[in-house]
Amino acid sequence: MLTVRVRFAPSPTGSLHIGGARTALFNWLFARRQGGVFVLRLEDTDTGRNIEEAVTQIQSSLRWLGLDWDEGPDRGGPYGPYRQSERFELYRKEAQRLLENGHAYWCYCTPEELARQREEARKRGEVPRYDRRCCELDEATRRAKEVAGIRPALRVRMPRTGTTVVRDLIRGEVSFDNSTLDDIIIQKSNGGPTYNFACVVDDAAMNITHVIRAEEHLSNTPKQIVLYQLLGYDLPEFAHVPMILAPDRSKLSKRHGATAVEEFRTDGFLPEAIVNYLALLGWSPGDEREQMTLEEIQSLFTLDAVSKHAAIYDVRKLTWLNAQYLNSLPLPRVVEAVLPFMQEAGYVSRDPSAAEVDYLSRVVEAVRSRIHTLVELRDAATYFFRSDYEYEEKGVRKHFSKPGVIDILARGCEALAGVAEDRFTVEETEKAYRQVIERLGIPGGALIHPTRLALSGRTVGPGLFDIIATLGKEECLARIDRAIDWIESFVLSGAKMNKPF
RNA sequence: GGCCCCAUGGUCAAGUGGACUAAGACACCGGUCUUUCAAGCCGGUAACGCGGGUUCGAAUCCCGCUGGGGUCACCA
């Protein structure tokens, strides 16, 4: 059996989009499942629109997602080069073949003229289509055009009768009436190939067996199939995967929030979650599984389980999945993922010591269950790294303004002081606190809430004793002392004034 | 507008003529647990776009309509 070869062929005009990422993912999954080869090819024939930065950006996004390729611009391969801008000779050679066997002809119409022709056709209520006026130009006229400085484009004479059938692995057979096919340009007047041509030539030259791409290319396919036939190439299999739409059913764009993989990365999403979510968008394992590893998805993936209809992208489910991963991945993995965020915030040094990593691990363990993204994780953990926080106003009102709170906090502080440094654990500190609560005959919250506010400045967060044990004895005592001072100077007098009773 | 694709709750999605009184997940709403907030657990609201066929029987097959999307470049 022939080795499966698929390709992901982005145009380096911007960063990797979520839609492109899913197309890449499906290609990757198919290749890996079939024991095939995954090729990365850059479709950079429009030299004016290329952004070199996009090339590295796209590659880094793919790598970050865990989608590795076997052949590509950076690593070469037996069918290279893998940038179309370096393959112009091949395209010219193939175009020449078409010209020689009469399937192609030179067109001297300028873009302006063509636009006018289209406009006129539209006015007459006709489908705009090239009228082949350059098809039979005599030598003299051609020479005259050339002398006038007009560089021609090369067109392919498409069949005007019959039908072309696209056999699609996801949609079945889709047929197009050949009369709707226009004489497409395969070589621009600047000598470069157009997309439809370069794509066909390369897919054939690179022995691509399955063309898996977005649905927007379905209408291009009949033209491409004709090119395959005219060039004498074998047809690959086609599979057009449904589009990803924005919540308002329109095409996904920047105004719909984050759409680039890179943005998700900086917004604190894990590649595990993104890949998982993308797989679920348009594909299903057929059972109730939701959270799956790349390996698991890979072993289950088939093209015929891909749905036919477009899917609306929903960031809330992605967020939920991200939270699931944050909460279930091995701790070191989450620590590794959040580290850059912590370093950027200045909470952890650039070259962290083992002790720093250890401390960060304990912090992550304490807060990971109540956050959805790495950004949230970073923000939920600030007070573990700095003590210059302010006390939440709502908390001050609820917990720092109660009569006797200073005394209660002082008792708690004493109790913690009584716990030996090397036994400053969740269990021991809780035991000490419970004793205070019992001795004072107060509800647990009367001590626990003000302590939380003192230690974190917040009213919500991890279990208090997790905070206490993580912060450590010295820090806890200092923070409670500071809170007591603060209450004395800011709350006591103010509270009296605000509350007449 | 021509051509093409698609159509199950707000969203993802299972379903391939009878097990459908239509699964599961997100979101939402309740409850539970609890030192807070989450998480977890339990429960709830909510869907086969419409109209014709075919069939003993249709979410499932056919036709029409409607709706959505894609595409009609010397962009990819």
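Naming: A, B, ... by sequence-line order, numbering from 1 per chain. Keep in mind that this is a model prediction, so the values were computed, not measured.
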Roughly how far, to the nearest 0.5 Å, is CG of A:Leu447 from CZ of A:Arg452?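 Nearest 0.5 Å value for the CZ-CG distance: 11.5 Å.
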
Base, sugar-phosphate or nothing for [X]? Non-hydrogen atoms, less than 4.0 Å.
X        : result
A:Gly282 : sugar-phosphate
A:Ser307 : sugar-phosphate
A:Gln324 : sugar-phosphate
A:Thr45  : sugar-phosphate
A:Arg368 : nothing

Charged N to carboxylate O below 4.0 Å: is that the case for A:Glu216 and A:Lys251?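 A:Lys251 and A:Glu216: salt-bridged.
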
Ignoring hydrogens and angles, are the base of B:C5 and the side chain of A:Arg171 linked by a donor-acceptor pair under 3.5 Å?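 Per atom types, no contact qualifies.
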
Quick check: does any side chain N or O of A:Asn276 sit under 3.5 Å from a backbone N or O of A:Leu321, one acting as donor and the other as acceptor?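 Not confirmed, A:Asn276 side chain does not pair with A:Leu321 backbone.
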
Geometric cation-pi criterion A:Arg458 and A:Tyr383, 6.0 Å radius, 45° cone: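 No.
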
So, does A:His309 get its side chain near the phosphate of B:A13, meaning an N or O under 4.0 Å from OP1 or OP2?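 For A:His309, the contact criterion (side-chain N or O under 4.0 Å from OP1 or OP2 of B:A13) is met.
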
Tell me which nucleotide, if any, is Watson-Crick or G-U wobble paired with B:C41 when both distances must be under 3.5 Å.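 The base-pairing partner of B:C41, which may sit in any strand shown, is B:G31.
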
